[in-house]
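Comments concern the structure below.
We count ligands from 1, going down the list as the structure has it; atoms in each ligand are counted the same way. Here the structure is a predicted model, which is why all the values come from computation and not from measurement.
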Amino acid sequence: MVSNTIVLLFTSFALSVGPSLAAAKNKDTGWHQYVRSPVSKIVKPVGIVPDSIIGNVADPIGLIDGSGVTVLCRSDADDLLPTIVVDFGQNVVGVLSLEFSGSYNVTIGLPGLRLAFSETMKYLTDRSDFTRSDNADGNEKLTNGTDQVAVKNTNYTWTDFHGCQEDTKVCSDGLHGFRYVKIWLEALPSDAPHTSSLGSVSISGMSLEWSGYLGTPDTLTGWFECSDQELTQWWYDGVYTVDMGTDTFFANETEPRGASSPSLEGKQVLFDGAKRDRDPYVGDLAVASLTSYLSHDFAESTRNVLEDLALHQRDDGWIPPASINNYTLPLFDYPLWWVVCSVDLVMYTGNTSYANAYWNALVKVLDGYYPSHTDSTTGLLDKSADMGYGDYAFLPRSGPVTYYNALYVHALSYASKLAKDIGHDDDAARWSSRADVVGDALLSHNFDESVGALYDGGPCPGGAAGTICDVHAQDGNAIAILAGVTDEKTSAGILDYFQTATSQVYGNAFYDNSVLSPGDHFDQRVYAFISYFEIASRFATPGKASSAFDEIRRLYGWMAAHDPGVTMWEGIGPNGTAYEGAFTSMAHGWSTGIVPLLTGYVLGVQPQSPGFKTWTICPVVEGGGLTWARGEAPTPEGEIAVSWEVRDAESELSLVLEIQTPEASSGTVCVPTLGMGSPKITLDGSPVESLPSQSVGWVNVDVSGGKHVFTVES
Ligand SMILES: *[C@@H]1O[C@H](CO)[C@@H](O)[C@H](O)[C@H]1NC(C)=O
Ligand SMILES: *[C@@H]1O[C@H](CO)[C@@H](O)[C@H](O)[C@H]1NC(C)=O
Ligand SMILES: *[C@@H]1O[C@H](CO)[C@@H](O)[C@H](O)[C@H]1NC(C)=O
Ligand SMILES: *[C@@H]1O[C@H](CO)[C@@H](O)[C@H](O)[C@H]1NC(C)=O
Ligand SMILES: *[C@@H]1O[C@H](CO)[C@@H](O)[C@H](O)[C@H]1NC(C)=O
Ligand SMILES: *[C@@H]1O[C@H](CO)[C@@H](O)[C@H](O)[C@H]1NC(C)=O
Ligand SMILES: *[C@@H]1O[C@H](CO)[C@@H](O)[C@H](O)[C@H]1NC(C)=O
């Protein structure tokens, strides 16, 4: 039964990989069921939360299904405040509208409604889990945690714009990211005399005007599907999370308030979070943009941000992390992420004009800013404690930190690769040799033989400069592996150490102990953002694929199974909770590494030169219990389609791998050998004779663009 299904699915793909990939996509629609996007920009709620109704509420479901009118009524000051909680079924973002069919008041003041929004039930209280007013001051602080309406006695639609109904009273915060909204009849004392806590309000409908990217199936230029429905679903959940943050930058919708910027106003950007952190930070783009490229091939939002930050580059080469505080927030690592994200942009979208336009900025980061923070005795980047610079998690660390140096090596090598492709040979040579020097210095200075992993690198809090604290971090170790600092044996040892030392049921923690910030439970905090690099390093290290799948299932399984479901969280704290309580953004693009992981490793598609002109297809077919996977990655010259199936007939394993790539491209296919010593491999029906460059578990075969079929059997 199961294998029949697989063969059928496979056959339909095989048929569809015809001359026209566009036609293929139209036929191949099985994955549509996983897409989370609303069908249109106008989103309706799905229900009323059971047991949420308080006081005198007539026909609570009326406003949901249009069958009637929901009436909230309070005729006496002793009555309970009539209340309902509306559920949109999943996290959404945009501007809410209520349709009223009248109101009635018995005292001075129209009946007042208050609205409190929340991404989760846990943090749904009489205040929104977060509003822009929470981080505002002075005139910008419109509300005190709820949005207010003075309901008029007519039939009309009220829309939650950022502003006040009456001068400075009866105010609302505007755009929200939320799943639940609590609505109750009550007047704020400070809104007197405009509203009253007595009277009745008739609500005939409710909808949200979606403000993110509307990622319906027809917009997806990439897709993914495999034999594990949960993994498949998480790919689309990740896409939806990034779609929520892909939005227009408006001063009245950003957060924190100090993030607004004239040079971004009105432009498409990729915000960090939907509810909060509505400011694009370049570190977050290191993951969120990959999701964006691989799903909708939508580069504009990323490019607008990267260009804007480059235009605010400081004379010493430093590039700001974001527009916040007029482009001055001091982060030490984010200029390196700007380099990595810039190279990603060119590799995934082929926009070499971007590379040429901002090449000088890139050179200034790598040859100006970081060399000026390199300690000549260790040969390592050294962040002095008194610089006051932070990083993606504002961690209290200084000195020759492994993460900064590993990321430096990664940025140097990756930029060197691009430099070679676009004719900057001198830059390429200089950066790749510096990458080797810094990588070697990192290993000789920061490696802890006793556990087989790199130290975090700096002193313990209060410790003398030059000492090394006994603590190890996920970020530096994972990125060091990906950057090629470690050999395969060392990489495997590091990954074994972290598997044992940091494993939680909800992912792997980002530190193996909490000495840097006692009380903050660093050893129980999980960042899906940084976990992306650890999981990628597991896929990239021979023999570690099953641990990659294991980490994926714990991390993404946990988020999928807990409120609000679907969207991916900014951070996870002790016991699998939202790490910063109500403040936590539960839809954060930097946590969507599942998308580049499944496309980049399970399908195995990665660019090797701008616009996938050359590529590698190295599918990981074992370790995850998968029997098949297929999908497409968009490139400027058309999709790269990959489909593989492992068959297990009476313990005889065999593999069929089909690829279709743009005619004008070429690349290397790493054909999985399924643990066989010398399997029979065919390419388009002919035996693959000599086996070039064997690496563990794979046989590498160079092919030209077009359609190719590989088979592997014993
Ligand atoms: C408002 O709409 C309702 C139906 O929803 C209708 O019965 C009522 O007469 C309308 N009131 C006004 C003032 O138009
Ligand atoms: C209802 O409130 C409005 C607006 O404040 C006011 O003009 C009207 O007199 C009130 N109606 C009653 C019956 O008090
Ligand atoms: C804001 O709301 C809190 C309770 O949610 C209340 O204690 C506080 O007094 C309010 N502040 C103002 C200025 O209304
Ligand atoms: C924010 O400002 C823009 C442009 O002025 C406007 O179109 C939008 O409706 C405003 N958003 C809200 C929620 O008020
Ligand atoms: C932001 O910084 C720029 C350049 O330093 C300056 O010209 C501008 O006035 C600043 N803007 C604000 C709002 O402070
Ligand atoms: C490529 O980048 C350049 C420079 O940043 C930009 O002007 C252009 O619009 C981009 N091209 C595309 C196709 O996005
Ligand atoms: C995690 O949950 C356990 C059991 O409920 C509790 O004892 C512990 O204090 C929690 N940990 C933290 C850090 O809150």
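Polar contact with ligand 6: absent for S353 (N/O pair, distance under 3.5 Å).
Protein heavy atom nearest atom 14 (O) of ligand 4, with residue, atom name and distance: H162 N, 2.9 Å. Residue, atom and distance of the protein heavy atom nearest to atom 7 (O) of ligand 6 are R303 NH1, 4.2 Å. For atom 9 (O) of ligand 7, the closest non-hydrogen atom on the protein side is N575 ND2, 4.8 Å. Scanning the protein for heavy atoms near atom 1 (C) of ligand 6, the closest one is N351 ND2, 1.5 Å. The protein non-hydrogen atom at the shortest distance from atom 6 (C) of ligand 4 is N252 ND2, 4.2 Å. Residue, atom and distance of the protein heavy atom nearest to atom 13 (C) of ligand 4 are E253 OE2, 3.5 Å.
Within ligand 4, the atoms closer than 4.0 Å to a non-hydrogen atom of L175 are 13 (C), numbered from 1 in the order shown. Proximity to P574 (heavy-atom distance under 4.0 Å) selects the following atoms of ligand 7: 12 (C), 13 (C). If you number the atoms of ligand 6 from 1 as listed, the ones under 4.0 Å from a heavy atom of E307 come out as 4 (C), 5 (O). Of all atoms in ligand 7, listed by their number and element, those nearer than 4.0 Å to a heavy atom of H521 are 13 (C). The contact set between ligand 6 and Y358, taken as ligand atoms under 4.0 Å from a residue heavy atom, comprises 5 (O).
Residues L395 and L516 have side chains not in contact (no heavy-atom distance under 4.5 Å, counting atoms from C-beta outward). Under the 4.5 Å side-chain criterion, counting only non-hydrogen atoms from C-beta, M347 is in contact with Y414.
The backbone and the side chain of F161 each have at least one atom closer than 4.0 Å to an atom of ligand 4 (non-hydrogen atoms only). Contacts between E300 and ligand 6 below 4.0 angstrom, taking non-hydrogen atoms only, are absent altogether.
By the 6.0 Å contact criterion, CG on D315 is open, its count of non-hydrogen atoms from other residues, nucleotides or ligands being 12 or less.
In this pair, H176 and F178 present their aromatic rings perpendicular. The plane angle is above 60°, beyond the 30 to 60° band. The aromatic rings of Y354 and W338 lie tilted to each other, with the angle between the two planes from 30° to 60°.
Looking at R278, its side chain does come within 3.5 Å of a backbone N or O of E253 through a donor-acceptor pair. The main-chain N or O of K267 is never found under 3.5 Å from a side-chain atom of N304 such that the two would form a donor-acceptor pair.
A salt bridge does not link K169 to D191: none of the charged nitrogens lies less than 4.0 Å from a carboxylate oxygen.
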Could you check L214 against D243 for side chain to side chain contact (heavy atoms under 4.5 Å, CB included), going step by step and ending with a plain yes or no?
CA-CA 7 Å; L214 192 71; D243 287 351; over 6 Å; no
